Amino acid sequence: MPELRYRDALREALREELIRDDRVFLMGEDIGAYGGSYAVTRGLLDEFGRDRVIDTPIAESGIVGAGIGAAMAGMRPMVELMTINFSFLALDQIVNSAAKLHYMSNGQINVPLVIRMASGGGSQLGATHSHSLEGLYAHFPGLRVVCPSTPADAKGLLKRAFRDENTTIFIEHTALYGMRGEVPDDPDYLIEFGKANVLREGTDVTIVGYSGSTWQAVRAADMLEEQEGISAEVIDLRCLRPLDIDTVIASVKKTNRAVVVEDDWQFGGFAGEISAQLMEQAFDWLDAPVARVCGKDVPLPYNRNLEFAALPSEEDVVEAVLAML
Amino acid sequence: MPTSQTVARPVEDGLTADQLHSFLHQMLFIRRFEEKCGEMYTRGKIRGFLHLYTGQEACAVGSFATLGEQDKIVTHYRDHGHAIARGVDPNRIMAELFGRVDGLSSGRGGSMHLYDTSKGFLGGYAIVAAHLPLAVGLGMAANMKKDNSLAFCVFGDGSVAEGEFHEALNLAALWKTPVIFFCENNLYGMGVPISESLSTEITTLAAAYNMPAVKIDGMDVLDVYRETQKAVEHCRSGQGPYFIEAMTYRYRGHSMADPELYRLKDEVEDARRRDCIARLRTHMQELGLIDDDSFAALQQRVDEEMDEVVAFADASPEPGLDTLFDHVVKESVRA
Ligand SMILES: Cc1ncc(C[n+]2csc(CCOP(=O)(O)OP(=O)(O)O)c2C)c(N)n1
Ligand SMILES: [Mg+2]
C-alpha cells in the first residue's frame, strides 16, 4: 500500500472524485493558484481547470450559500473555508440552509455539499485562529460531521462525503497535514460514516478521542502501559455525526472506565455528550465517573507556554486515568 | 541629520521639512522593523502567523500623520506598521511578537492581535473585515459623545468581497458616522488577484453607498498625507464617512508561510522601483533636505534603534503560567 501524507491523501480523494463524477467541483479561498492554505489542493487547478477548481473571493457566507444552491440544483460541490475560524461567517448558511432544507421541504430538497476546513490550536496563532469546534457543528441535526485522524481515514471519509446526500462538515486537523500513513489506492476506497475505529485494544480503561486528540489518547495509552502497566483501549470516533456510541459502550462494558479527550473547551463540549450517553446507556458498567480532558476555559493565548498549558496533553490524560483507577 | 531639523517653514503644500524628515524616518523604521521580524521568525523568536508590511509603509505613515490624539484606529492583522506609525512603543510591539511579559498584551495576543488603548490603537483584527462594523460603532460613539473624534479603519482589498464590508459602509453612510475607510489595495488577497475577486472597482462600490471615494497613490507618502487630510476635514465637519483606496504593494509573501506561486518576481521588482522610501528620499534630495551622507546616517540610526528593540524584547521574561486565566472576563462591580 502506498504511504501518503494526510494532505496528499485528501488531495488524492479530491482528484479521484473530480475524475469519477463530473458534477463534482471545488471552490474556496486560495485553493487554486495559491495551492490551498495547507497545500491540499495543490496542482488541481492545473489538472482540472478553472471551471472545476474555482478560486473565490473572501466571502464565506456567499460561497457556502452558493455551494448549497449548486447542490440543490444537482451538482456535488465542495467548498473549502481555509479554517474553522472563518466558518463562523458562514454559520447561518450552514445551520439555517444546509442543515434544514431537507427537513423543512419534507424531503423535496437535499443538499449534497462537502464543506472542508482546518481546525486545531497549538500553532501559536492566537485566540481568533485556534478554534477546535467540531463539537459545535455536531450540535446541529441535519449535518454530517467528520474529523479524520489518519491519512487513510482522510481519504476514505472524504470520498465517502462526496457520495452522501447531505451536507458534510469535513474537519481536518492542522497538526496532522504532514502525518504519513498507508493509504489504499483503490478509487472506491470508502469509509462508512458513523463507524468508530478501535485503534488499540486494552482492558483497564477506554480512552476516546477524535481528530488530533486521538493521538494524545494513543500516546497516553503508550505511557500508561510503559510506566504503570495499565492496559488502555483507544477509540477514534472519526465521525461526531452520525456518532458510533455503540463501539464506545462495548469498550466500556469491557474496561469499566472511560476518559474522553478533546482540544475544544470542556464547558458545553462534545466530551460532555459522550459522557452523558455513557451515563445513560452504560451506567451499571462504570466503576468511576467518566473523565473529560479538554482545553482550558480560556481563549487560546499566543505565548507558547501559555498555549501549551491551555491545551490538553497526554500527561493530563495519564493523570485522569490514574485518578480513576 | 541636516540642519533643517529646526526649520518649520513649509517646503511645499503646508508640509515642513521636519515633517518630511519624520516621514522618512518612520518609513525606514517600519521597513527595518519588518525585516527584523522576518529574521526573528526564521530564528524561531517569533512564531505563528506573521504578515509583513514592507512596501506599504507610506500608507500608515502618511495617513496617520493627519489624525488627532482623540481618534480611534482599527486595522487588520498586517498591523505592526500601523501600530508604529501611531506611536505605539516598538519595544513593546516586538516583545509582544516574542510572546513576552512586556508585550502590549503580555504575549497573549501575538502579531495579528496588537492593542494599545493609550494611543487609541484599538487593535489588529485577524478575521478579514471583522473590524469594519466596529469602526462604525466607534464613529457612532463619537457622534453621541460629541468628542470630535473619528474612527480610522484600515483593511485590505480582499476584505471588500466580505458581507461585513458592505454592511459597514451602508451603516456608516446611513448614520453619518465619522469613519475613514482606508483600503490598502496591494492587489492580492493572499494569492488571489483583485481582478479575480471583485466584479468592479473598489471606489465604485464605496461610492454606491453614498460617500466620497477616492483612489490614491499609496506608495507616495505625500499623496497619502494630502488625501487623508481631506478625509479628516470631511469627517470632522460632520459629513459622515469617507473612503480612500490607496494603491500599494506588499514586497513579501502574504505571510511567512506563503510559497508565492501566484505571482512573478518581475512584478515584485517592478513595484520596488516605485518604493515609497526611495521616492521620498529622491524628493528630499531635490529639495536639498537630505544628501547621501545624511541618509546613510539615518539608516545607521534606525539600525541602532532596531538593535535596542530586539534587545528589549529578548530581555523581557515569559509570562507566568499563573496568568493563564487573567482577563477572560472583566470583574464587574455593581453600584
Ligand atoms: C473571514 C476570514 N476569511 C479568511 C481569512 C484568511 N485570510 C487571512 S488574510 C487573507 C487575505 C486578505 O487580503 P487583504 O484583505 O487584501 O489584505 P492583505 O493581506 O493583502 O493585506 C485571508 C484570505 C481570514 N483571516 N478571515
Ligand atoms: Mg490585499
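Here is the naming used below: chain letters follow the sequence lines, and residue numbers restart at 1 for every chain. What you see is a predicted model, and the numbers here were worked out from it, not measured in a lab.
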(request) Anything under 30° is parallel, anything over 60° is perpendicular, the rest tilted; go ahead and classify B/Phe49 against A/His129. (result) perpendicular
(message) Tell me the closest heavy-atom pair linking B/Gly99 and A/Asn303, and the distance in Å.
(response) O-ND2, 2.6 Å
(request) Look up atom CZ in A/Phe86 and atom CD1 in B/Ile127, then write down how far apart they are to the nearest 0.5 Å. (result) 5.0 Å
(message) Can you list the residues of residues 307-320 of chain A that sit under 4.5 Å from chain B, counting heavy atoms only?
(response) A/Ala309, A/Ala310
(request) Check whether any side-chain heavy atom of B/Asp258 sits under 4.5 Å from a side-chain heavy atom of A/Tyr34, and report yes or no. (result) yes
(message) For A/Thr56, which atoms come within 4.5 Å of any heavy atom of chain B: side chain, backbone, both, or neither?
(response) backbone
(message) Please find the pair of heavy atoms, one from A/Pro57 and one from B/Ala161, that lie closest to each other, and give the distance.
(response) CB-CB, 3.4 Å
(request) Give a yes or no on this: more than 12 heavy atoms of other residues, nucleotides or ligands lie within 6.0 Å of atom NE2 of A/His139. (result) no
(message) Quick check: closest heavy atoms across B/Leu324 and A/Pro301, and the distance to 0.1 Å?
(response) CD1-CG, 3.9 Å
(message) Just so I know, are the side chains of B/Arg47 and A/Arg304 near enough to count as touching, which here means a heavy-atom distance under 4.5 Å?
(response) yes
(message) Using only atom types and a distance under 3.5 Å, with no angle test, would you say the side chain of A/Tyr302 pairs donor to acceptor with the backbone of B/Glu96?
(response) no
(message) Which residues in residues 119-128 of chain A have any heavy atom closer than 4.5 Å to a heavy atom of chain B?
(response) A/Ser123, A/Gln124, A/Leu125, A/Gly126, A/Ala127, A/Thr128
(message) I'd like to check A/Pro299 versus B/Val328 (side-chain heavy atoms, cut-off strictly below 4.5 Å). Are they in contact?
(response) yes
(request) Sort out for me which of B/Glu318, B/His254, B/Arg263, B/Glu260 touches chain A most, counting heavy-atom pairs under 4.5 Å. (result) B/Glu318
(request) Starting at CG of A/Asp55, measure out to CE of B/Met190 and round the result to the nearest 0.5 Å. (result) 10.0 Å
(message) Minimum heavy-atom separation for A/Leu306 and B/Gly320, please, with both atom names.
(response) CD2-O, 3.6 Å
(request) Identify the two heavy atoms, one from B/Phe325 and one from A/Asp297, that lie closest to each other, and give their separation to 0.1 Å. (result) CE2-N, 4.0 Å
(message) Within the structure provided, determine whether B/Glu164 and A/Leu89 are in side-chain contact (heavy-atom separation under 4.5 Å).
(response) yes
(request) Please state whether the side chain, the backbone, both or neither of B/Ala257 comes within less than 4.5 Å of a heavy atom of chain A. (result) backbone
(request) Identify which part of B/Met112 has an atom lying under 4.5 Å from any heavy atom of chain A, answering side chain, backbone, both or neither. (result) side chain
